[in-house]
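Since we're looking at a predicted model, the values are computed, not measured.
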Amino acid sequence: MDFPGDRVLEGASAEDRRDGPATPDRGGDLTRMLVLKCLSDQTGDSAEEIAAAGYVEGDDRDYVEAVNRLESYFDCTLGLLGADGRRIVVEDVIARIPAGSGALAGGHD
């Protein structure tokens, strides 16, 4: 996104101020951040708690709602609804998200 003047978003961290397209590492970080935000919004747990644990667990309804929300964020099917157990592992979700999907492609605000 281009900003007038010095092109720096006021209050942005040094990481967010870097110019240029996202590198693969930054894209992975963005995916991880969005997965954590989505799970945090759904469960009410902080993103830091979820990141530290590496997963979230819930009853059947919570699990389905969280998976549906993740699929909506990234506009893709993750294939988690038929999985055994009701644990969503953050790294597993990230590995299932195709590059450039949904919010990563600018398809969602």
- Audit row: Val35, Phe74, side-chain contact (heavy atoms from CB on, under 4.5 Å) steps and yes/no: CA-CA 9 Å; Val35 167; Phe74 296 101; 3.8 Å; yes
- Message: What I want to find out is whether Glu57 reaches Arg86 closely enough, with some N-O distance under 4.0 Å, to be called a salt bridge.
- Response: no
- Within a strict 4.5 Å, meaning less than it, do heavy atoms of the Ser40 and Lys37 side chains meet? no
- Query: Between Arg87 and Val56, is any pair of side-chain heavy atoms under 4.5 Å apart?
  - Reply: no
- If Ile, Leu, Val, Met, Phe, Trp and Tyr residues are connected whenever their side-chain heavy atoms lie under 4.5 Å apart, and connections chain through other members, are Tyr55 and Leu81 in the same group? no
- Task: Just jot down the salt bridge (Lys or Arg N to Asp or Glu O under 4.0 Å) partners of Asp45, sequence neighbours excluded, or say none.
- Result: none
- Pair Arg61 + Glu65, salt bridge at N-O below 4.0 Å: yes
- Taking side-chain hydrogen bond (donor to acceptor under 3.5 Å, both in side chains) as the test, write out the residues that go with Asp84, two or more places apart. none
- Message: Within this structure, what is the CD1-CG distance for the pair Ile97 and Asp75, rounded to the nearest 0.5 Å?
- Response: 11.5 Å
- Task: Kindly determine whether Gln42 and Leu70 satisfy side-chain contact (heavy atoms from CB on, under 4.5 Å), including the steps that lead there.
- Result: CA-CA 10 Å; Gln42 183 65 38; Leu70 284 164; over 6 Å; no
- Query: When you look at Asn68 and Tyr73, which way does the side-chain contact (heavy atoms from CB on, under 4.5 Å) test go after all the steps?
  - Reply: CA-CA 9 Å; Asn68 285 337; Tyr73 262 47; over 6 Å; no
- Heavy-atom pair with the smallest gap, counting every atom of Gly79 and Arg96: O-NH1, 3.5 Å
- Cluster question for you: counting only ILVMFWY and a side-chain heavy-atom cut-off of under 4.5 Å, with indirect links fine, are Val89 and Leu39 together? no
- Do you know the tightest heavy-atom contact between Arg69 and Asp41? NH1-CB, 3.1 Å
- Message: Would you compute the distance between atom CD of Glu71 and atom CG of Leu78 and round it to the nearest 0.5 angstrom?
- Response: 4.5 Å
- Which distance, rounded to the nearest 0.5 Å, do you find between the CD1 of Ile88 and the CG of Leu80? 6.5 Å
- Message: Walk me through whether Val64 and Asp60 qualify under side-chain contact (heavy atoms from CB on, under 4.5 Å).
- Response: CA-CA 6 Å; Val64 169; Asp60 288 345; 5.5 Å; no
